[in-house]
Amino acid sequence: VRKRLMRILEIQGLNSFNFTPSCRIMTFNTLGCFKSSLLENCFMMYLFLLFLADGPSIQQVLAELTNQRTVPNVFVNGTHVGGCDSTYQAYHDGSLQKLLGDSKDVEPYDYDLIIIGGGSGGLHKYAVHTGNNTVLSILGLGGTCVNVGCIPKKLMHQAALLGQALQDSRKYGWEYEEQVKHNWEIMVQAIQNYIGSLNWGYRVSLREKSVTYLNSYGEFIEPHKIKATNRKGQVTYHTAETFVLATGERPRYLGIPGDKEYCITSDDLFSLPYCPGKTLVVGASYVALECAGFLAGLGLDVTVMVRSILLRGFDQEMAEKVGAHMETHGVKFIRKFVPIQVEQLEEGMPGRLKVTAKSTEGSEIIEEEYNTVLIAVGRDACTRSIGLETIGVKINEKNGKVPVNDEEQTNVPYVYAIGDILDGKLELTPVAIQAGKLLARRLYGGSSTKCDYINVPTTVFTPLEYGSCGLAEERAVEEYGKQNLEVYHTLFWPLEWTIPGRDNNTCYAKIICNKRDNNRVIGFHVLGPNAGEVTQGFAAAIKCGLTKELLDETIGIHPTCAEVRGGGGHNLI
C-alpha cells in the first residue's frame, strides 16, 4: 500500500513538473467531495477511501506519512498541504498558488516587506535592507520608548537626581545663596526638543536606506494587503510578500467614572505643558513607581495607590525595599485601595480633582483631592483593530497578544510579530530591538540566529535604581526548589553617600545560585545608584554561565558600587 501510494504521489509531482494535463490536486476522502471555488479551475482527483477494500490501510499509511489522521487529506503537485482549513490557509498566504504554479493568480506585490509600527522593533527591523520595503507607523517614529517611555522617563529621572545632588553638594563644600527651584516647562521643552531630534534622525535613516515611510494607520483588509489611513482620512492600499507586526501597546484605563475625562497616563505626562502639582499615581508597576519617584524628586506632593503588591513579576524582597526607600523620601503609599470615581472640582492647569477609592479588603471608602491623577495600571496590545482576524492571525483573547514560534512567526506564515505584543515575552525596548535585527537578518541576510529571551537584564529607574537579571527569588524557588538554592546577600554604602550622610542601610545586592549546578548564578539583583550600568556587565557573565566561585575570584574595581557582588557569605536560605 505504501509503495502504491508513494508511486501515485510521485507521478502526480512529476506530471506537474512536466506540465502534463494530469491531476494537480489529489484529495483523499471518505464521503463527499472537497469543493471550493478557489480550486474550481484546477485538475482534481478524488480517492474515496470508504469505497476501497484497502481504504483503511491507505488512511493508515497517509497518517504515517503526513501525521494527519483526518480527512480530507490534500496533496498539490505531490506536496502535502493538509486538510480543509490548511488548504484555505495556503490559499490565503499564497503558498497554494505557488504550488499550483499559477503565475496568473499571483499578482506582483508592491513591497517585499511591510512593517506595521515604527517603534523599537519596527525601526530596527529594516537593519538588513531588502531594497523594496516600507514602514507604516501607528504611533510616530520611535514608538513608546522614544516618545513616551524610556527616553523621557530617564531624562526626568536624571532631573530628579540632580535635585538630590544639589542637596548633597553643600556637604562637599559648594556654597550658594539663592533659592534653587525647578522649572517644569523648561525641562519638558528640552526633553521634547531632544525627542524631536531623534525622530528626525530616524526619518533621515529611513530615507538613506530607501525605505518608504507612511505616517498612517495600517489595517489588513485581505491576505497580503493593507489599508493605510493618514490623519487627514486619506486612504491608500499596499501589498507585500511579508508583514511584521510591531504595533506595541497603549496605556490601559480603569473603566471607572471620570478616568478618561480627567486623568492622564504616562503617554501624557512627558509632554504635559504645566507642572502636575499634587499627584496621585494609581498602580504599582515599574512605570507607576518610576513616575512617582521622579515627580517626588522634583519636589511635588506624590501619593501612590496600590491595589495589591509592588512591581508584580519582580523579586518581591527587592520590590519592598524599593517602596520603603521611596516612602522614607517623601512618597506616600495607600495600600489595598482602588479608585472607583474621579470628579472634577475645578478646571485649570492643573485643576482640582476629587478621587473616591474603596478598600480591596472591606467596605471602607476614602476621598482625597489632587491636582493630577496619573493612571499606570498596565498597557494593552494594539492588535484588536488592525484586521488580524481578516487574515486569520490568532491572538490571545485575554490580553490581545500574539502567539509566535521561536522565529517570531505567527500562525499565518507570511506574518511575523516582535516587541511588546508577543504573548509570554518580555516587554522591553532592547528585546524588541534585538528581535527586530535578528528577524531581518534571518529573512534577508541568510542568518539563522534567533532571539534569546532568557536572562535579559533590566532596571527600574526609581529614585534608588533596581537592576536585575535572571530569576526572582520566588520564581527560582518555584522552578528549582528551595532546598536546591543558595542566596547570598549584603547591604552596602556607596562612597559618594558617606560625606552627605545618606542612608547607610539601604543599598542592597543579592545573588541566587543553583547548588545542583556548581552554584551557577541564576538570579542577580542590586538596589543602588547606577544599578543599570552595574547590571549590564553582570548580565553578560550570567549568560556565559557565571558561578559563585567565579564571582568570588573576580577582582573588583575600587571604590565602586559594582565591586559589591552579593557576597559577604551570608546565607539567606
Side-chain angles (χ1 to χ4, degrees), residues 66-68 80-82 85-86 89-90 92-95 112-117 119-128 130 133 143 220 223-224 240-249 313 381-383 386 388 391-458 468-472 475-476 478-480 517 520 522-523 539-540 542-545:
T66 66
N67 289 323
Q68 177 184 328
H80 179 246
V81 175
D85 291 343
S86 297
Q89 183 65 59
H92 286 308
D93 64 34
S95 58
D112 298 324
L113 171 69
I114 287 179
I115 306 164
I116 304 180
S120 301
L123 282 173
H124 287 83
K125 174 64 191 67
Y126 68 84
V128 176
T130 70
N133 45 17
F220 287 97
H224 292 276
E241 182 178 13
T242 305
F243 288 81
V244 174
L245 308 176
T247 53
E249 299 179 305
C382 300
T383 57
I386 58 174
L388 296 183
I391 59 171
V393 174
K394 295 179 180 178
I395 65 171
N396 183 332
E397 291 299 334
K398 291 183 179 180
N399 56 22
K401 298 205 170 190
V402 182
V404 294
N405 61 18
D406 62 353
E407 294 188 335
E408 286 79 46
Q409 188 177 41
T410 71
N411 65 297
V412 176
Y414 65 87
V415 179
Y416 295 81
I418 53 178
D420 291 355
I421 63 172
L422 296 191
D423 196 23
K425 297 292 192 295
L426 296 168
E427 300 176 9
L428 296 169
T429 289
V431 173
I433 292 173
Q434 179 80 334
K437 287 181 177 179
L438 295 179
L439 177 56
R441 292 169 185 168
R442 289 198 305 274
L443 289 176
Y444 303 110
S447 173
S448 60
T449 305
K450 302 172 185 177
C451 186
D452 184 2
Y453 293 92
I454 306 300
N455 289 329
V456 175
T458 189
S468 69
C469 181
L471 299 179
R475 180 68 186 277
E478 180 182 315
E479 191 166 326
Y480 294 98
D517 187 13
R520 182 171 60 88
I522 58 174
I542 290 172
K543 290 189 76 70
C544 293

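Counting only heavy atoms from C-beta outward, the side chains of D112 and T242 never approach each other to under 4.5 Å. Between L245 and I421 the shortest side-chain heavy-atom distance falls below 4.5 Å. Using a 4.5 Å cut-off on side-chain heavy atoms (C-beta onward), V404 and Q409 make no contact. Counting heavy atoms from C-beta on, the side chains of C469 and V456 never come closer than 4.5 Å.
Atom CZ in F220 sits 6.5 Å away from atom CG in L388 (nearest 0.5 Å). Interatomic distance, L428 CG to Q434 CD, rounded to the nearest 0.5 Å: 12.5 Å. If you take SG on C451 and CD1 on I433, they are separated by 11.0 Å, rounding to the nearest 0.5 Å.
When all heavy atoms of A246 and I115 are compared, the closest pair comes out as CB-CG2, 4.4 Å. Across all their heavy atoms, A417 and L422 have their closest contact at O-CD2, 3.2 Å. In this structure, T449 and R442 approach most closely via the heavy-atom pair O-NH1, 2.9 Å. Across every non-hydrogen atom of D420 and L426, the tightest pair is OD1-O, 4.4 Å. Closest heavy-atom contact between A381 and G400: CB-O, 3.7 Å.
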(request) Could you walk me through whether Y414 and E241 pass side-chain contact (heavy atoms from CB on, under 4.5 Å), step by step? (result) CA-CA 7 Å; Y414 65 87; E241 182 178 13; over 6 Å; no

(request) Could you walk me through whether E408 and K425 pass salt bridge (Lys or Arg N to Asp or Glu O under 4.0 Å), step by step? (result) CA-CA 11 Å; E408 286 79 46; K425 297 292 192 295; over 6 Å; no

(message) Under the criterion side-chain contact (heavy atoms from CB on, under 4.5 Å), I'd like the reasoning laid out for N411 against V393: C-alpha separation, chi angles, the key distance, then a yes or no.
(response) CA-CA 6 Å; N411 65 297; V393 174; 4.1 Å; yes

(request) Please test F243 against L113 for side-chain contact (heavy atoms from CB on, under 4.5 Å), starting from the C-alpha separation and ending with a verdict. (result) CA-CA 6 Å; F243 288 81; L113 171 69; 5.9 Å; no

(message) Y416 vs T410, test: side-chain contact (heavy atoms from CB on, under 4.5 Å). Steps then yes/no.
(response) CA-CA 5 Å; Y416 295 81; T410 71; 5.7 Å; no

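Under the rule for a salt bridge (charged side-chain N to carboxylate O under 4.0 Å, His left out), the partners of D517 that lie at least two apart in sequence or sit in another chain are R520.
Annotation: salt bridge (Lys or Arg N to Asp or Glu O under 4.0 Å) contacts involving residues 448-457, sequence neighbours excluded, comprise D406-K450, D452-K543.
Distance alone, capped at 3.5 Å, is enough to place a donor-acceptor pair between the H224 side chain and the A240 backbone.
Checked against V402 for a side chain to side chain contact (heavy atoms under 4.5 Å, CB included), the options D423, I418, T383 give a single hit: T383.
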